[in-house]
S.K.: 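This structure is in structure tokens; I'll ask about it shortly.
Throughout, a chain's letter reflects where its sequence line sits, starting with A, and its residues are numbered from 1. Keep in mind the model is a prediction, meaning the values are calculated, not measured.
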Amino acid sequence: MFKKILIANRGEIAIRIIRACKELGIATVAVHSTADEHSLHVRFADESVCIGPPESEKSYLNVPSIISAAEVTDADAIHPGYGFLAENAAFAEVCQSCKISFIGPSPDHIHRMGQKSNARELAKSAGAPVIPGSQGTLQSTEEALSIADEIKYPVMLKASAGGGGRGMRIVQSAPQLASALEIVRSEAGSAFGDSSIYLEKYIEDPKHIEIQIMADSHGNVMSLGDRDCSIQRRHQKLIEETPSPQLSESSREEISGHAVALARQIGYKSLGTVEFLYDKNGDYYFIEMNTRIQVEHTVTECVTGLDLVKEQIRIASGEKLRFTQDDIRIHGHSIECRINAEDPYKFTPNPGIITGLNIPGGPGIRVDTALYVESEVMPHYESLVAKLIVHGIDRAEALAKMNRALSEFHIGGIKTTIPLHLDILGSEEFLSGHYHTGSLERLLLRI
Amino acid sequence: MFKKILIANRGEIAIRIIRACKELGIATVAVHSTADEHSLHVRFADESVCIGPPESEKSYLNVPSIISAAEVTDADAIHPGYGFLAENAAFAEVCQSCKISFIGPSPDHIHRMGQKSNARELAKSAGAPVIPGSQGTLQSTEEALSIADEIKYPVMLKASAGGGGRGMRIVQSAPQLASALEIVRSEAGSAFGDSSIYLEKYIEDPKHIEIQIMADSHGNVMSLGDRDCSIQRRHQKLIEETPSPQLSESSREEISGHAVALARQIGYKSLGTVEFLYDKNGDYYFIEMNTRIQVEHTVTECVTGLDLVKEQIRIASGEKLRFTQDDIRIHGHSIECRINAEDPYKFTPNPGIITGLNIPGGPGIRVDTALYVESEVMPHYESLVAKLIVHGIDRAEALAKMNRALSEFHIGGIKTTIPLHLDILGSEEFLSGHYHTGSLERLLLRI
Amino acid sequence: MNLSEIKKLIRIFENSGIAEIEVEQEGLRVLMKKEARIERQIVHIQPEASIAPEASITPEASITPEPPVAKTASSSSSAPMAGTAESSGKATAGGHIVKAPMVGTFFRAPSPTSPPFVEEGDIVRPGQSLCVIEAMKLMNEIESDVEGRVVSIFPENGKPVEFDMPLFEIEPR
Amino acid sequence: MNLSEIKKLIRIFENSGIAEIEVEQEGLRVLMKKEARIERQIVHIQPEASIAPEASITPEASITPEPPVAKTASSSSSAPMAGTAESSGKATAGGHIVKAPMVGTFFRAPSPTSPPFVEEGDIVRPGQSLCVIEAMKLMNEIESDVEGRVVSIFPENGKPVEFDMPLFEIEPR
């Protein structure tokens, strides 16, 4: 086991990792920018090193500074948390070359899963369904028509060079396809200087379902169940829950099976999350794999009773998993609300000084935060300031707990997403469980 | 189900009950003394009524004021919490006569279990072992000698009118008995004006083991496992854990069986705790039954996943338990540390204003407290200011979590028992699990 | 008073209807003003008043635990008590206050058909009944402890009152 | 009240809705006003009190961002960094400070057998090497950015330094 771990992150996830280390008896080194000198993660760690100015590029993304900090403190491993360097294959490689263990998968796995088209091919070859569409870019209108006929309408035309919602068009039926193709092609040409186009099936109002997997370096791979992360705004998750209120037990097992098969086929070793879109017909499609610990790992911890960060550290140190798939039992229901320092309806960041703080408590409540009274929420970093997680015997109890806990949660001095969470929890769509990735945007129009 | 519950208590337990009510959708009324006007339980409740001046006798123990508060707010039930009026049979009777449901057992059960000699006879007749000794007071030295011979030395001589550790003497062997009897008899005569004496077996260094039971008004009685509450100072519990680290599975079942049999025999309906002494030989003896929710109910909640306060409310409203004994599963291990506003080594109360507060968080941590920054810990009330509860997959993880959480827990402005808890958790005796009701006092001599 | 207390005072001041506040205590003087065009009412508190316990804004008041959480709208609106912050604030401004010695329902008359014990403007003597508070089906007569003129009657007839709530203001004579 | 407390008060005032604040204590008077719409703060500090550290009116602890938790004894003793609060405090009192631009190990000489780049009392010119910081096996030479006399060298040879830590104090000339 490692003797000392450097945590190359800040905020709640840095504290989360320090807590796991303390419970494992491992010494910790916090790194921080000059702006984070008084942060809780610096106070909670055994040692701390200032690695640069407030800007992330010069501090939390500053590879030489972080490696140097590990070297001068004799840390034998680095935990990257999420964001920052967590899925940076080059950083993982530098760690390796400096004989510092990177707590995560191999650089090669990070690299292969980081390239989305590559990840899609890997998933396909491991037998997972992927969104059907053209093999590469479209050569002709006839090809587009024949593929669309095969995969059924509606389909989506996408500019290869597009992204962030630009250079896309949904086509509902064959007669519209030819002209839509012309339009997207010319848009793409003028917008991106590349008029190549591909076509895939358009998934209407899907759920975002992800499977938490865990694999050690002794060939053991297992699934820790699903998470429903469909409450999103601009692809940012806001509420996550497990088990998904809509998935049948058989779909859950089937999807989990694909996630495990993918990890097994590529020889993956660490925690990982395999993400799927799940549509109204119960069909599902692999979209990507995240090779890091995720913000929402907490709900999986609540229902499995496992400490995923500890397991991640144990796996990185070469230990064998101490249990098998059969030992994993899901108890009750868990929901997480991400409390962001944002205007709850405009979503504009709202940094500031915390003037008051009341953290909810009692049975089934977990809070992960780096806030304290008079701490500063800074504009340099992401706006997530607290995670509120509840665990109930069933979804109804978890919902009641979340409502209760949100009503107790007071963060003075900044605007937060707490009022929005109460709105979402009060919406019929959320209560029914039949919500999807478009639900929040539509709810916002009604508020 | 009740529509509105008045909580006849203050501090963390009042908040605990308000939380349960909120999650059940029941409106709440807080009552408070003038000193508690700004207390968190007043803020969290839907309504509040000031019932008297700071002194407990004139406020939280003021029956007419509390009943009147329930009447003017149209509360249909009263939850007494623990302490104050929780085991006051007369209060439960007044509630009954005013058509307000008392959330607890019947006045008769409170009354019968409140009289210790009566409770002992009930337990005996239900087949539970009680501490062997004389039937009533001793008539002669010969009688004492013959009983002591039968139950084996060491024995304890106790003045009938004694209490609080006075008028007691341990006798190790027969030759000492006659003279000890003379001494205790004359001490008792001069100290209490009553020289009657009784004799019972002296239980050396026992564990305090208690069984949480739950019984509805439909004849269902079940055990929710044991708690080991042996870390005590002057009969005040300081740390509780479940499952007891020393009990074998078979003893646990046997003792639980006695607790359930007692509750069933007397037709008990509510939550209850049956307390036993467990000696070095594995023998155990009923000592008393508590007819209220207990401070340490939290650890049972962690390992069973149940919300005991909700169950208690459901039972009082006449609902049937929704599960059977077979549905109860114990998951992992849970420990509670009572954080008191006291000098940790002198145990003198230490009221004051809270100047800073950092509440531990992360996985497996639960905190129940009424503290907030600038709140006042008052000399009028008991010194318990927070309960820190951890839940781990096993005792080792729970211990690591408790150490970690205690190190994060900062309460500025008052002295607390936090440093003492760290000492206890670091002691070999506690770590081994082989501690007993005398362990803490001995540990304190070494610190 | 330290910075965090000043900060609190600012918030209290902001949320108040007053335009200016000056607090002086043990060599510390704090003066705050709001822009004149917004506020009309000006309350000036003398240094003496700021130390007197009756004053609504005192150094102590600024330390008073502020709500760590706000009550929900529904909760405050459903509060059943007859007295309000205004009435008790008003109460503290003037004469002798008779407070509720118990929780119960406030009645101005011994029975629904009787006339009230007292009206505003009446002169009362010590021991004279002012009202009854019904608690647990018992009618408890509340008597005046001073001689004077009834200036205000705070609770409405038939409304619940809690312990220590101002019932009457009496101008002693 | 010291400068950092005034800075904090400014921030509190800025974020408040009030237009003016005046704080006076033990010879120190602070007056701040917001101008209609422009939102500018004017700080008047009486000269004799502003700089003197003894003008501080409140216990330091009540203002300084108070650590919500104390570090354990073991943690602070195991802190590996060469610089201390004292040294950086000392550093800011006097001349020009050369700070560490990166994390690494501080060496006063280019190799173990070479003489140090500079000694206290030496005169240095802009661009002259002062030390090396080893980071990721690379020796990074740190140069002086001013001309002057080396007054202090803060870290010990061979000890780790973190970003922004004072390395040298140079009296410019």
S.K.: Check whether B:D307 gets within reach of chain A through its side chain, its backbone, both or neither, counting any heavy atom under 4.5 Å.
M.R.: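 It is the side chain, since no backbone atom gets that close.
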S.K.: Using a 4.5 Å cut-off on heavy atoms from C-beta on, say whether the side chain of B:N358 contacts that of A:L40.
M.R.: yes
S.K.: If you measure from NE2 on A:H331 to NE2 on B:H331, what distance do you get to the nearest 0.5 Å?
M.R.: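 Interatomic distance, A:H331 NE2 to B:H331 NE2, rounded to 0.5 Å: 4.0 Å.
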S.K.: With a 4.5 angstrom heavy-atom cut-off, which part of B:K310 approaches chain A: side chain, backbone, both or neither?
M.R.: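 Side chain of B:K310 only, per the 4.5 Å heavy-atom cut-off to chain A.
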S.K.: Who among B:P363, B:G332, B:G361, B:A20 has the most heavy-atom pairs with chain A under 4.5 Å?
M.R.: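 Between B:P363, B:G332, B:G361, B:A20, the count favours B:P363.
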S.K.: When rounded to the nearest 0.5 angstrom, what is the spacing between CZ in A:R329 and CZ in B:R329?
M.R.: 10.5 Å
S.K.: How long is the straight-line distance from NZ of A:K22 back to NZ of B:K401, given to the nearest 0.5 Å?
M.R.: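 B:K401 atom NZ to A:K22 atom NZ measures 13.0 Å (nearest 0.5 Å).
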S.K.: For the interface with chain A, which of B:G362, B:G25, B:A400, B:P360 has the highest count of heavy-atom pairs at distances below 4.5 Å?
M.R.: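 When all of B:G362, B:G25, B:A400, B:P360 are compared, B:G362 has the most.
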S.K.: Please rank A:E301, A:K387, A:H391, A:E23 by heavy-atom pairs under 4.5 Å with chain B and give me the top one.
M.R.: A:E23
S.K.: What I'd like to find out is whether the side chain of B:E408 reaches to under 4.5 Å of the side chain of A:R19, using heavy atoms alone.
M.R.: yes
S.K.: About how many Å separate CZ of A:F44 and CZ of B:R404, when rounded to the nearest 0.5 Å?
M.R.: 8.5 Å
S.K.: Counting only non-hydrogen atoms closer than 4.5 Å, does B:R16 touch chain A with its backbone (N, CA, C, O), its side chain (CB onward), both, or neither?
M.R.: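 Contact with chain A: side chain only.
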